[in-house]
Asker: 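Quick one: this structure, given as structure tokens, is what I'll be asking you about.
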Amino acid sequence: MHIFLRKLLFITPFLWCVLPASAADYVVDITAPTALPAPVDALLKQHLEIIKLRDNPRATPAEWLRVYRTTPTAIEDLLATEGYFSATITPSIEVLNGTSHAQFLVDIGEPSLIQSVDLQFSGSILGQATTNAEIEKFNQAWLLKTGMPFRQEDWTKAKRQLLIAMLVQRYPNANITSSKAQVNPETKAVTLLVEVDSGTIFKFGELQIEGLKRYPASIIKNLNYIKPGTEYSHARLQAFQARLEESGYFRGVEVTANTTDVVGDIVPIKVVVTEGQSAKLGIGAGYSTNTLARAQLSYSELNLFDRGWQLTSSLKVAQKEQVLNGLIRLPTKSSGYRDSLSANVNREVIEGQTTTASQFGVNRSWGPRKREQTVGTNYLVEQRQVDGVPTETKRVATVSYGITLRRTDNDRNPTLGYLFNAQFAVAPIEQLSSGRFVQSYVKAQGYYPITTKTQLIARAEIGAVSGKNSAPEAFLFRAGGDQSVRGYGYQSLGVAENDATVGARYLATGSVEVIQWLTEQWGAAAFVDFGNAANTLTELKPVYGYGLGARWKSPIGAIGADIAYGEAVDEYRVHFNLGVAF
């Protein structure tokens, strides 16, 4: 009788397995002598098959028992990916009131640590004068250092990043021929061995261009700064492709160098382009808190006179401003220079002053976007009318220089870095102008992440004009508006003349803004703006604007809507901002 009872108790859990699935529930308990690390606990709960089966209404007792028997091995495999190779798993199962309780006591032990790392290189990298320095750089950049815990995910990531670093530089055919992670469960030590074949070091050859129908090949050739014989670099190909994409001529660009089916070490650069539409006509309407409602007609031509010249022109009619302008950009020269011609007529009625100006200019720019420089000449004829004052006409011929520095982590939605712009214009010849003067203007804007969700933006601008009141209104300064001192009307801060506000010789404004991002796309902002424009430094006393706003990270840049209080005028104003004004 005693033997019969023992046998009955032994087979009870297995007799339960033949019960209908609806007659039983399933429970899984994973316990440990000490609390499991959060990543390990999450890993087990996410990937163990028995936990997924527990919540499956179609699970059968036989299937439950099968998965229960394989779970200890599954736990060991998962723990090994986190570097725990000496774990002890104690399983148990019992049936109470038709419910099957599967329990697993998990003692993960100590994590295995990396004892040594051996990166071995072969191929053309060994035949270079810079071999030692290059190999040392790859060793320094290797993610898994001695003494760090070993994790499978980190092991995979380290190998991938090593290979990418070589591919992006001058080893396009680099590959990992062997990799081993040897584990000693007794000492809990891991030795890593990675063997890398760098492959051949290639040099760039001539250009091969496909897809051109309307534009001359010189457009592409002049944007190619890669000389034949230059060592292969994926980064150089990407930079070349970016220049072609930014040129405005193409709606599709692909720049490649095939290093797999080449004889020798010279690889041609293949450029495949899809030309953009040559002529475009656009009609639009909008609203700005600076110049109010507007309608706009625009026309662009990318191949003017079949020479690859780019024409952009527009007619904008707003409540406070009317502008007709045209700009012709010539293709970039082989020297890297970008030349342009511009002409515009502008009439604006702002703060009691009516200004009509016509100007023509020739400019030359050079340098990458991070450090762009411009020189130019400009001729302007301006008529200024203020109620109670005779109409004044000024003419001026200027020579100008400007430099823009951009150092940000993102062009459209920067969170770290700075933007800097300096401009200088000189009217040196009195016979061509109503007088001589020098205009200087500097603007800087900085971005700093206080936390991952809190961002600081600071802005400052200063300007000065020297000369005996000979500068036209276009070269003088006023402040106030969306991109200036918020809380005040557009260009309402300046010099009072009768009932109007006119331009001043000195400008100084600034802003401090804090944005708290509530989601990935939406944030709330608080800001303080300050500044003014005046004819003397003693009169340059700042006024203040305070406000709150909302921010949205759009694909074209941050869009902002603000409510600002102008302390000096005791008024509230609504302001809108789009993108980075630089």
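Everything quoted here is computed from the prediction, not taken from an experiment. Just so you know, residue 1 is the first one in the sequence shown, and it goes up from there.
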Asker: Start with the C-alpha gap between Asn258 and Thr260, add the side-chain angles, then the distance that decides, and say whether side-chain hydrogen bond (donor to acceptor under 3.5 Å, both in side chains) holds.
Answerer: CA-CA 6 Å; Asn258 185 359; Thr260 56; 2.7 Å; yes
Asker: Okay, side chain of Glu134, backbone of Ile125: is any donor-acceptor separation there less than 3.5 Å?
Answerer: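 No, Glu134 side chain to Ile125 backbone: no donor-acceptor pair under 3.5 Å.
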Asker: Would Gln373 and Ser365 count as a side-chain hydrogen bond (donor to acceptor under 3.5 Å, both in side chains) here? Give the steps.
Answerer: CA-CA 6 Å; Gln373 301 181 73; Ser365 301; over 6 Å; no
Asker: Looking just at side-chain N and O atoms, do Asn173 and Thr259 make a donor-acceptor pair shorter than 3.5 Å?
Answerer: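 Per modelled atom types, Asn173 and Thr259 side chains form a pair under 3.5 Å.
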Asker: Is a salt bridge present between Glu520 and Lys453, judged by a nitrogen-to-oxygen distance below 4.0 Å?
Answerer: yes
Asker: Report the residues that fulfil side chain to side chain contact (heavy atoms under 4.5 Å, CB included) with Thr81, sequence neighbours left out, ordered by chain and then residue number.
Answerer: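 For Thr81, the residues satisfying side chain to side chain contact (heavy atoms under 4.5 Å, CB included) (neighbours in sequence not counted) are Leu43, Gln152.
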Asker: Quick one: list whatever passes side chain to side chain contact (heavy atoms under 4.5 Å, CB included) with Gln521, sequence neighbours left out.
Answerer: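 Result, side chain to side chain contact (heavy atoms under 4.5 Å, CB included) vs Gln521: Thr519, Trp552, Lys553.
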Asker: Ring centres of Phe204 and Tyr232 under 6.0 Å apart?
Answerer: yes
Asker: Do other residues, nucleotides or ligands put more than 12 heavy atoms under 6.0 Å from Tyr448 OH?
Answerer: no
Asker: Going from CD on Gln445 to CD on Glu513, what distance comes out if it is rounded to the nearest 0.5 angstrom?
Answerer: 9.0 Å
Asker: Could you walk me through whether Ile269 and Leu237 pass the side chain to side chain contact (heavy atoms under 4.5 Å, CB included) check?
Answerer: CA-CA 8 Å; Ile269 301 173; Leu237 293 177; 4.1 Å; yes
Asker: Salt bridge or not between Glu372 and Arg406? Use side-chain N to carboxylate O under 4.0 Å.
Answerer: yes
Asker: Run the side chain to side chain contact (heavy atoms under 4.5 Å, CB included) test against Val442 and tell me which residues pass, sequence neighbours left out.
Answerer: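 Val442 satisfies side chain to side chain contact (heavy atoms under 4.5 Å, CB included) with Phe420, Ala422, Ile462 once adjacent residues are dropped.
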Asker: Ion pair present between Arg551 and Asp562, side-chain N to carboxylate O less than 4.0 angstrom?
Answerer: yes
Asker: Flag the pair Tyr447 / Leu419 as yes when at least one side-chain heavy-atom distance between them is below 4.5 Å, and no otherwise.
Answerer: yes
Asker: Do Glu231 and Arg170 sit within salt-bridge range, that is, some charged N less than 4.0 Å from a carboxylate O?
Answerer: yes
